[in-house]
Amino acid sequence: MEKKATRHGYSEALIEMGATNKNIVVLDADLSRSTSSELFKKKFPERFFNVGVAEQNLLGLAAGLSLMGKIPFASTYSVFASGRAWEQLRTTICYSNLNVKIGGSHGGILTGPDGASHQALEEFALTRVLPNLTVFVPCDFLEAKKATIAAAELKGPVYIRLGREPLPVLTTQETPFIPGEGLLMKEGRDVTIIACGSLVAEALQAAALLEKEKISARVINIHSLKPLDENIIIKAARETKAIVTAEEHEIYGGLGSAVSEVVVKNYPVPLEMVGLADSFGTSGAPEELMRFFHLKDVDIVAAVKKVITRKG
Amino acid sequence: MDIAQLEEQAKKIRQDIIKMLGAAGSGHPGGSLSSTDLMTALFFNILRQKPKEPRWPGRDRFILSKGHCAPVLYACLAELGYFPIEQLLTLRKLGSCLQGHPSCQDVAGVEVSTGSLGMGLSVATGMALGAKFDQSDVRVYCLVGDGELQEGQIWEAAMSAGHYRLDNLCCIVDNNDLQIDGRIKEVMNVYPIADKFKAFGWQAMEIEGHDFKQILAAYDRASKTKEKPTVIIARTIKGKGISFMEDQEEWHGKAPNKELTAKALKELE
């Protein structure tokens, strides 16, 4: 399967939109090569602003540009976008409900050798508590591209979680991307794996492994963490009566928590979570870290077996 | 307005501020009163605006980065007809559009929500950058406090405004020399202010912030300056106009009770 990074889907969409929509402007904080926003800069240098190593000002300038009718995309590492500049995101952008888009690249453990300081494992928790904010977590290059285009079309603030590592391209040009709607990737009866981002590919592999053991697993891709598609989650709880969540993120405050909130309120069923648990990351090769932190298909398989034993 | 009219208008604004805070029972008189003359000159003589059409694209922009001084902004907006003057007495009450700190989703004339210090100058810089990009002659003004200059984001913004040579941006520092915990110099020294901005490529002016002649001259010079943003460092007196509040840090964030409200209003007659 072809592999491409979500950050490149983001920049490709920016360039495509930039050609027709003169209001699209892009900002970066000295990471334009890494976030890949430099591809936009090459094409439209007059609409690119490098603010230097100053993430709080990055979001402030983007806010000001949005108030003058621009559609600013602010790019930096997600640990800085969602962490260092969190209060600017909260008070300046979300409280004012400004039309600012944020591309947080290098999210998650796959950031690899840079280690814990650069591996954003808290951004779902930090962003999904913010009123007015839409949060996208695309699972592949094409979905990232669609999420970026959807972000420009939506009115209001949007945060997009992007990654450094190439991921398998699971979706097609034709796969719909509807903000706020989960995507059914595979039908199944015995259990539902609800995943986002890089873990969608692992979830599909896990479902294939489970198939061999006569366990039929449904796979849902939550590309919109906020607003969250409650219906698809409740339906899964009702029909398969067991859920496993999988994310390249802390389970506390992340997708696991978000899905649990829906399940507990509406249709309680046993639920297991795959993700980091109250832990920082560490340096290592991306794939190695996925194994080290138990984020692989086999780990999802183990969680499925556990959750099935808990079914009534 | 001529200077006598501005002085009369400023007195009205100060009366509004005292009435609002008296009715609210909480809020920030000190900085609202110290910046009243700067704000009056700006809102009544300088800003191009259409109060009946608050989203008019050609308007000059104003951002109150020191959001706790919302009363002075609300009073200016109400006196200009952005909303009915009676609404001022709903300040800080449940259901009122006049939040304790300005919310742009609630009040016509508020460009962006503020209240957490240090954030406004970045937004103003982004607006000025957007206006330049559009080759529009819109000017952007931002009022900051002197204590607020202790926030790091202010200097990120100052660096970028100088870098982009935003001569359509004017930052006004309400230099009343007091912050919540005391004298600026004693809490955390931010002086010299002018030299710091100059180092980032700004034109810096130091004026008396209660002298309308100097205030108007500074705004005029800022608007004629090319290739550089301007900072006007205005020496002011916290609580200006009310004898018992003047230069007293305790009046930073405390509303007058009924008796003191009446006393303050009497002084403003």
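Predicted model, so just to flag it, every value in this text is computed and none were measured.
Proximity to chain B is limited to the side chain of L98(A), based on heavy atoms less than 4.5 angstrom apart. Contact annotation for V138(B): only side-chain heavy atoms (C-beta onward) come within less than 4.5 Å of a heavy atom of chain A.
By number of non-hydrogen pairs under 4.5 angstrom with chain B, the leading residue of A63(A), A62(A), G64(A) is G64(A). For the set G60(A), G69(A), P72(A), G52(A), the count of heavy-atom pairs under 4.5 angstrom toward chain B peaks at G60(A).
The ring-ring contact (aromatic ring centres under 6.0 Å, His included) test applied to F44(A) returns F40(A), not counting sequence neighbours. The side-chain hydrogen bond (donor to acceptor under 3.5 Å, both in side chains) search around E153(A) returns none, not counting sequence neighbours.
Within 6.0 Å of atom OH in Y252(A), 12 or fewer heavy atoms from other residues, nucleotides or ligands are found, so the atom counts as exposed in its surroundings.
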Show the pairs of one donor and one acceptor atom, one from chain A and one from chain B, lying under 3.5 Å apart.
from   : atom 1 : to      : atom 2 : distance (Å)
N50(A) : O      : Y164(B) : OH     : 3.4
Q56(A) : O      : Q153(B) : NE2    : 3.3
N57(A) : N      : E156(B) : OE1    : 2.9
N57(A) : OD1    : S122(B) : OG     : 2.6
N57(A) : ND2    : E156(B) : O      : 3.3
N57(A) : ND2    : S160(B) : OG     : 3.0
K70(A) : NZ     : D134(B) : OD1    : 2.7
K70(A) : NZ     : D134(B) : OD2    : 3.1
E87(A) : OE1    : S116(B) : OG     : 3.3
E87(A) : OE2    : S116(B) : OG     : 2.5
Q88(A) : NE2    : Q153(B) : OE1    : 2.7
S96(A) : O      : Q105(B) : NE2    : 2.8
S96(A) : OG     : S113(B) : N      : 2.9
S96(A) : OG     : S113(B) : OG     : 3.2

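Using a 4.5 Å heavy-atom cut-off against chain B, no residue of residues 106-120 of chain A qualifies as contacting.
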